[in-house]
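Notes for the one structure printed next.
Throughout, a chain's letter reflects where its sequence line sits, starting with A, and its residues are numbered from 1. Bear in mind that the values here come from a model prediction, so they are computed numbers and not experimental data.
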Protein chains: 2
Amino acid sequence: MDIPATPAAPTGPLTELLDGRWAHVRRAARERMSELPSPATYDLTTEQHRALVFDELRELAGAGYPRVGFPKQYGGDGDTGGSLTSFEMLGFGDLSVMVKAGVQWGLFGGAVEALGTERHHDAHLRAIMELDLPGCFAMTETGHGSDVQHLRTTAVYDPATREFDLHTPHEAARKDYIGNAARDGRMAVVFAQLVAGGAGRGVHALLVRVRDDEGNPVPGVRIEDCGRKAGLNGVDNGRIWFDHLRVPRESLLNRYGDVAEDGTYSSPVEGDGRRFFTMLGTLIRGRISVAGAAGSATKSALTIAVRYGLARRQFERPGSGFDEVVVLDYLAHQRKLLPALATTYALHFAQEELVTTLHELSERDHAAVEYTDGEQGTEEHDRRQRELESRAAGLKAATTWHATRTIQTCREACGGAGYLAENRLPQLKADTDVFTTFEGDNTVLFQLVAKGLLTGYRQHVGELGSVGMARFVADRFVETVIERTAARSVIERLVNAVTPNDEETDLLDRGWHVKVFEDREKHVLDTLARRLRRAGDADADPFEVFNDAQDHVLRAARVHVDRIVLEAFVAAIDRCTDEATTALLNRLCDLHVLSNVEADLDWFLGHGRFTTARAKAVTGAVNDLCAHLRPHAATLVDAFAIPESLVAAPIATGAEARRQATQREHDVAEAAGTTR
Amino acid sequence: MDIPATPAAPTGPLTELLDGRWAHVRRAARERMSELPSPATYDLTTEQHRALVFDELRELAGAGYPRVGFPKQYGGDGDTGGSLTSFEMLGFGDLSVMVKAGVQWGLFGGAVEALGTERHHDAHLRAIMELDLPGCFAMTETGHGSDVQHLRTTAVYDPATREFDLHTPHEAARKDYIGNAARDGRMAVVFAQLVAGGAGRGVHALLVRVRDDEGNPVPGVRIEDCGRKAGLNGVDNGRIWFDHLRVPRESLLNRYGDVAEDGTYSSPVEGDGRRFFTMLGTLIRGRISVAGAAGSATKSALTIAVRYGLARRQFERPGSGFDEVVVLDYLAHQRKLLPALATTYALHFAQEELVTTLHELSERDHAAVEYTDGEQGTEEHDRRQRELESRAAGLKAATTWHATRTIQTCREACGGAGYLAENRLPQLKADTDVFTTFEGDNTVLFQLVAKGLLTGYRQHVGELGSVGMARFVADRFVETVIERTAARSVIERLVNAVTPNDEETDLLDRGWHVKVFEDREKHVLDTLARRLRRAGDADADPFEVFNDAQDHVLRAARVHVDRIVLEAFVAAIDRCTDEATTALLNRLCDLHVLSNVEADLDWFLGHGRFTTARAKAVTGAVNDLCAHLRPHAATLVDAFAIPESLVAAPIATGAEARRQATQREHDVAEAAGTTR
C-alpha cells in the first residue's frame, strides 16, 4: 500500500497536544509525582498499604490538591476540568491513591456538594477537602448494584422525634464494597428508600455518622471488612449494616427532595424517576475520573511493553550471524501493541473533549447562563446533560475495556518478565480490572448509551433496566440522526471530499473513514429501532423482545462510541500545528480506524458494505501501517511524558537496555574472536 | 431456529464421560483434595505461602503421589496418563502447588529421567520422588526464553580435570524465572552450550548442585529471588549465575550426547538440530500439564460464575411486581458464559485424547514395539512424536488463552463480588495468567504448529525461529492433507451425509460443522504455503516473506487446533451411552461450533464461504442455543464435580443463595403486606 513517508517527529509538540487545555495541571502533577517513591506496593501487607495510601491522601490534602474541584466559596478553585485532569494524572501512580482520592473527594465530597445544601456545605465541605472528615459513598448493596433505583435500605421519617429510622431490612440489603468503610470513614452518604408522609419517595441520600472520633462504629451501625481484593488493596472496602439507626432530619441531603418537620415531602423536581436521574446525573464525575485513570494506566503499560519490545531480541535474523531480531520487528508483536497504542491516543483525545464539555456545562451552570437558541432553556439543558451522561457512560465503558485488554496484552508481550511484580504490569492489570464493572457495569452502561441514542436524549423519566428502553422505542417513531460532536466543519469538509465509489477510495482517506463509521452507526441504530418497536405489539413480551436484541443493543452503543472517538481524534489532528507531528498522528489515526474496521469486518461484509477484495485490503493495510509506525513507537510512548520514577519497571528503564546490551557486546566480541 | 428439545440430564453420566479413562485417578484426587483446606492463600505473605506449598508437596510425596509417573524399576507405576491426569486434578486446588509439583517431578525429575542415564537414575530418582532432593529446571535465561537453542550459558569440558566449566558469560545469560531456585532447590538441571573436543556441541543438560545441605548456594553459584509475581507466589522463582563452576564429567545428562574422559564427543542422534529437538521432545509433559491445569482453573471459574449468575437477580421483569430477572436469563450474560462453557467441554475432550495418545506412545516406547505398517520404524516413530509435540503445543496455546479469556470474563460477570479475593476469581486469574507465556510462549507455539503442518511432521532438523519455516516451505512442494485424528469412522459417516448445498444444510448438522472446519483449515494452509514459497525466490528476504505472513501463520495454527478439538468433541459424544446426556452434549457441541464460526465470520464471508443470510443465521443460532442451554447451565458445571471445599467462593455456595433469598422472602412478605 502507498503510505506517505512519515519523518521522525519530536516528542515535544506531541506531548503539548496530548496535554491540551489543562497542560498546566498536568505539568504540576508530573513535578509533584516525579518526587514520589515508586508506585510499587506489592510487598506491603494490606494494612501497610492502606496506611501508606491514607498518608498520601493527607499529603495531597496538605498540598491543597483537592481544592481545584470544590466551589470557590469554600476555598476551592471551582475548576471542574482541572480537577478531572488531576485525577487522570493520579492514574500514573499507585491506583489505590487515585481511587481513595476519588472516593473521598469525588464521590463522598461530590455527593455532599451536589446533593446537599448550604447547611451541609457549611458544616462539612472544608473538613472533607482537608481530609479531617474521611467519608464513604454508601450506595451499592449486595443485592443491588446496577439497579440503584431499587435499593432496599430504608429511611423512614418519624415526625414524633424528627428523625429518620435508617435500616437494613435483610442481608442482601447491606451496603457492600464501600470504599473508605473498612478503616477510615467517619461519615457516609447513605442512599436509601425514603419514606415520608406515609409514602415512598424513592431513593434519597442522607449524610450519616458511621464511626465516632476514635474510629469505632457508632451504635446501630455494623461494619465488616471486604478483605483482600484482586487489586486496589490500599483502599479499605467494607460492608455496612444499619439497625434502626436514628438520624436527625437535617441529615437528608435535601437539594432535590426535602422532608418538613411534620413529614411533608417536597421537591423541585417533578416525578420520582426524573428526580432520581437528576440526582444520579450529578455524580457523573466519578465515571469520567475512572475513564481517565484507566487511560493513564494503559499508557503506563504500553510504555513498559513498547520499550521492552525495543530492547529485547529473540531468534537470529537469517544470514546475519549473531544479529537477533528486535521483537517489535515481528509483525505479530506489532499487531499486539501498535493498534492498541493508536486507540489509546484516540481515547485520550475523546476523554479530553468530554472533560472540556463537562467543564463548560458546569461553568454555564455556575454562571446561570440562559440558553438563547430558541429552545426552552430547561429542556435544552436537560438534553445536553443527558447527552453528556451518555457520552461519559460510553467512553467509560470503551476506555476501561480497552485498558483491561491492552494491559493484558502488554503483560503477555513481556513474557515472564511481564509476570514479575517489579515490572508493574501485574499491579496495573489487577488494579484496573474492577474499572470495567464499578462506577457502572460496562454492559449496563452500553445499554444506557443505546437508550439515549434511541430516545434522542429527550426522555427524562428513565429506567436503567431493559424494559424501559423497549417501551420507549415502542412508544415513538425513531429516526436516527448522526449528530457530529467535534470538529464539525473539518469533518464536513472531509466527508464531502469522498468520491462516491467506496471501493475506489483510498483506504487512508479520512473522509471515507468518517463516512464508514457514520454509515455503520446509522444502519445499526435504524435496524435496532425497528426490532425494538415490536415490543409495542399486543402479543409481545417487551422483556423478550429486548432480551433477544441485547447483542444488537450493545453493538449500537459500541459503534456510536467508536464514531465520537474518531471525531475527537480528527479534531485533535486539526488542532496540531507541527507538521511532522501531524503526519505521524495521521498515520496513527489510520491504524486506529483500520484496525477497528478489521475487527468488525464480519459486519461490513455481512451487510454488503465491502467486497471481499476490499476486506483483504484492510487487513493488508493494518499490517503495512504497523510496519510503517514501528520506527515511531518509542516517540509515541515517550510523548505520554510519564515521569521515569513512575514508569519504574526495570524492563522499561536503562537497566534492561544495559542488560540486553551485555549480550550483544559479548556476541560482537565473540565474532571478533576476542573472547574465550 | 428449530432446536430439538433437550430434556434435563443427570450429572452422573456426564461426569463419567468427562472423567474418562483415568476416572479412578480423578476420583482418588477428589477424595484427597476434598479434605484439604480452602485453596485460598491471598492473606499469606510470600514466605508463608512458599512454606505452605512446600509442606503440601511433602504430603503429596509422603502419600506416594509422584510415583504414578515414574518408572517401575524405581518404585513408580510408569503410568504416564495417570500422572498427567493427577496434575490436571491439582489444578482445582492452589495452583502454586500444581506448578511447584510440576517443577519438581515433571520438569526436574522428568529431565533427569528422560535425559539422564542409569547412573543419574540410580543416584537421584528416588530422592527426587520423595522430595528429599528438591530441584530446579534451569533452562530459560534473561536473554533467551523462546529461542532455547541459542542459550548463552557455557559448559566447557576440561580433559585435564575431567570437569565442565559452567559459566554465565554476561548478565543476559543468567538463568531467570527458575522455579524452586529462590528457596528450596538443592540441585538443578542446567541447560548450556556444550563445548567438548574443541567444538561447540549445542545445548545439553547437566545435573548440578546449586545449594549445600544447609541451603546455602555453593561457591561459584549466585542465586537471587525473582520476588513477588502476579500470582503463583507459593512458587519460589529465582535467578542463577554460574562463575566458572567446576562440575564433574558425570554430571552431564548423557542419554543423547556424551563426553569421554579425553573430551571425545559422541551421540546416538545425528545432527545438532535433530538432537536438540529430540531432547526438547522428551519434555512435552510440562506443556500438557499446563494445559490440563488451565482447563481445571477454567472449570473452577465457570462453576463460580455460573452459580452466581443463577443466584443473582437484577432489574425487575416488567409487570411482575417484585420479580427480578436472574442475571443468567439475560442474553448478554448467557453470551459471556455459555459459549465459553461449551468450548471448555470441547477442550477437555481434546486434552483427554492428547493424554491418551502420549500415554500409548510412551507405552509403546517402553515395550519397544516395532512399527509394522511398512514404513521405516524410526521415521514413523519420529513422525508420530512430532505430530504429538505439535498437538501438545497447539492445545496448550488454545487452552491457556481460553483460560485467560474465560476467567477474565467470569470475573467481570460477577461484578464487584468477582473482584473480592474470597471469591477466588482474582487468584485464578493471576495464577493462570503466566500459562500463556511459560512452557512455550503461545505465539511461538502456534508458529511451531503451523510449521509442523506445512512440513507434514517429516522434517527433523528444526529451527523454532521464523526463518526455518520459510526455508522449509520454499524447499518442497506442499500439499495440504487433512488427517483426521479421532473418531475417523464416525466423522467419515457424518461428513458423507452432508448435502452438497451448504446454504441449505441445517446449521446444527454435525457433518456440516466438520466439513466447514476442514475446508477452512485446508484453504488457510494452502494459501499460506503459496505465500511462504516466495521465500525461495532469488530476490526474496526469507525473513520479510515470513514476517509479512505472520498473522496468516498464526491463523493456520488456530484453525487447525479448532478442527482437532472439534473431532475430539465428536468422538466423546460418540462414546456417550446415556441418551439425555448425548442430547445435551450435542447442543453444547453446536454452541461450541457456531460460536467459533461466528467469531470467524469475517473469514467465512471474506472467502465466499457464506452468504450474508447464512452469516446472520449463525448469529441467530448462537443466541437461540444460549437460551436453549440456559436451563442446563447448573448441570453442566456440576458435572465437573469439583469438591465443594475447593470451589470455596462464598458467591458460589449455599451462603450466597441464602443471602439472595433473604431479599425475595422479604419482597414476598412485603407484597403480602406483612412487613413494616
Side-chain angles (χ1 to χ4, degrees), chain A residues 42-43 140 142-143 145-147 152 169-172 176-177 226-230 314-318 330-332 335 411-412 415-416 419-422 426 430 433-434 436-438 441 443 465-467 542-543 547-548 550-551 554 601-602 605-606 608 612 615-616 623 659-660 662-663 666, chain B residues 42-43 140 142-143 145-147 152 169-172 176-177 226-230 314-318 330-332 335 411-412 415-416 419-422 426 430 433-434 436-438 441 443 465-467 542-543 547-548 550-551 554 601-602 605-606 608 612 615-616 623 659-660 662-663 666:
Chain A
Y42 51 86
D43 273 331
T140 297
T142 304
S146 295
D147 186 5
R152 301 308 172 88
H170 51 77
E171 272 302 287
D176 210 346
Y177 321 113
C226 283
R228 196 88 187 159
K229 306 183 295 289
Q314 203 74 176
F315 294 115
E316 279 178 16
R317 192 181 290 265
Y330 289 109
L331 174 64
R335 271 190 163 265
R411 199 305 285 162
E412 293 182 27
Y419 197 61
L420 299 186
E422 65 177 29
D433 198 54
V434 77
T436 58
T437 55
F438 82 176
D441 178 274
T443 302
S466 53
V467 185
F543 174 77
N547 202 36
D548 288 348
Q550 205 176 10
D551 52 340
L554 298 175
L601 272 183
D602 59 335
L605 287 162
T612 59
K616 267 186 195 131
N623 288 352
R659 188 175 302 122
Q660 296 282 343
T662 61
Q663 182 156 300
H666 189 267
Chain B
Y42 51 86
D43 273 332
T140 297
T142 303
S146 295
D147 186 6
R152 301 308 173 89
H170 51 78
E171 270 303 286
D176 210 347
Y177 321 114
C226 284
R228 196 88 187 160
K229 306 182 296 290
Q314 203 74 175
F315 294 116
E316 280 179 13
R317 192 180 290 266
Y330 289 110
L331 174 64
R335 273 191 162 264
R411 198 307 283 165
E412 293 182 28
Y419 198 61
L420 299 186
E422 66 176 29
D433 199 51
V434 79
T436 58
T437 55
F438 81 176
D441 178 275
T443 302
S466 52
V467 185
F543 174 76
N547 202 34
D548 288 349
Q550 205 177 10
D551 52 338
L554 298 175
L601 272 184
D602 59 335
L605 287 162
T612 60
K616 270 189 192 126
N623 288 351
R659 188 176 302 123
Q660 296 282 343
T662 63
Q663 182 157 299
H666 189 267

Name the region of Tyr42(B), side chain, backbone, both or neither, that has any atom closer than 4.5 Å to a heavy atom of chain A. both
Non-hydrogen atoms of chain A under 4.5 Å away: do they reach the side chain of Leu554(B), the backbone, both or neither? side chain
Shorter than 4.5 Å, heavy atoms on both sides: which option in Gln314(A), Lys229(A), Glu171(A) has the most such pairs with chain B? Gln314(A)
Side chain, backbone, both or neither: which part of Asp176(B) has a heavy atom under 4.5 Å from chain A? neither
Please report the C-alpha distance between Phe543(A) and Phe315(B) in whole Å, then the side-chain angles of each, then the deciding distance to 0.1 Å, and finally whether the side-chain contact (heavy atoms from CB on, under 4.5 Å) criterion is met. CA-CA 11 Å; Phe543(A) 174 77; Phe315(B) 294 116; over 6 Å; no
Heavy-atom proximity to chain A below 4.5 Å, by part of Thr142(B): both
About how many Å separate OG1 of Thr436(B) and CD of Glu412(A), when rounded to the nearest 0.5 Å? 3.5 Å
Quick one: what part of Ala430(B) sits under 4.5 Å from any heavy atom of chain A, side chain, backbone, both or neither? backbone
Between Gly608(B), Gly415(B), Gly227(B), Gly416(B), which residue shows the highest count of heavy-atom pairs closer than 4.5 Å to chain A? Gly416(B)
Leading residue by heavy atom contact count with chain B [cutoff under 4.5 Å; candidates Asp548(A), Asp551(A), Asn623(A)]: Asp551(A)
Of the listed Ala615(A), Cys226(A), Ala332(A), the one with the largest count of heavy-atom pairs under 4.5 Å with chain B is Ala332(A)
I'd like to check the side chain to side chain contact (heavy atoms under 4.5 Å, CB included) partners of Asp43(A); sequence neighbours left out, ordered by chain and number. Arg228(B)
Look at Arg335(B), Lys616(B), Gln550(B) and state which one has the largest set of heavy-atom pairs under 4.5 Å with chain A. Gln550(B)
Only counting residues at least two apart or in another chain, list the ones meeting side chain to side chain contact (heavy atoms under 4.5 Å, CB included) with Ala230(B). Tyr419(A), Pro426(A)
Can you tell me which portion of Asp433(B) sits under 4.5 Å from chain A's heavy atoms? Options are side chain, backbone, both or neither. both
Most heavy-atom pairs under 4.5 Å with chain A, out of Asp441(B), Leu601(B), Thr140(B), Leu605(B), belong to Leu605(B)
Could you walk me through whether Val434(A) and Tyr177(A) pass side-chain contact (heavy atoms from CB on, under 4.5 Å), step by step? CA-CA 11 Å; Val434(A) 77; Tyr177(A) 321 113; over 6 Å; no
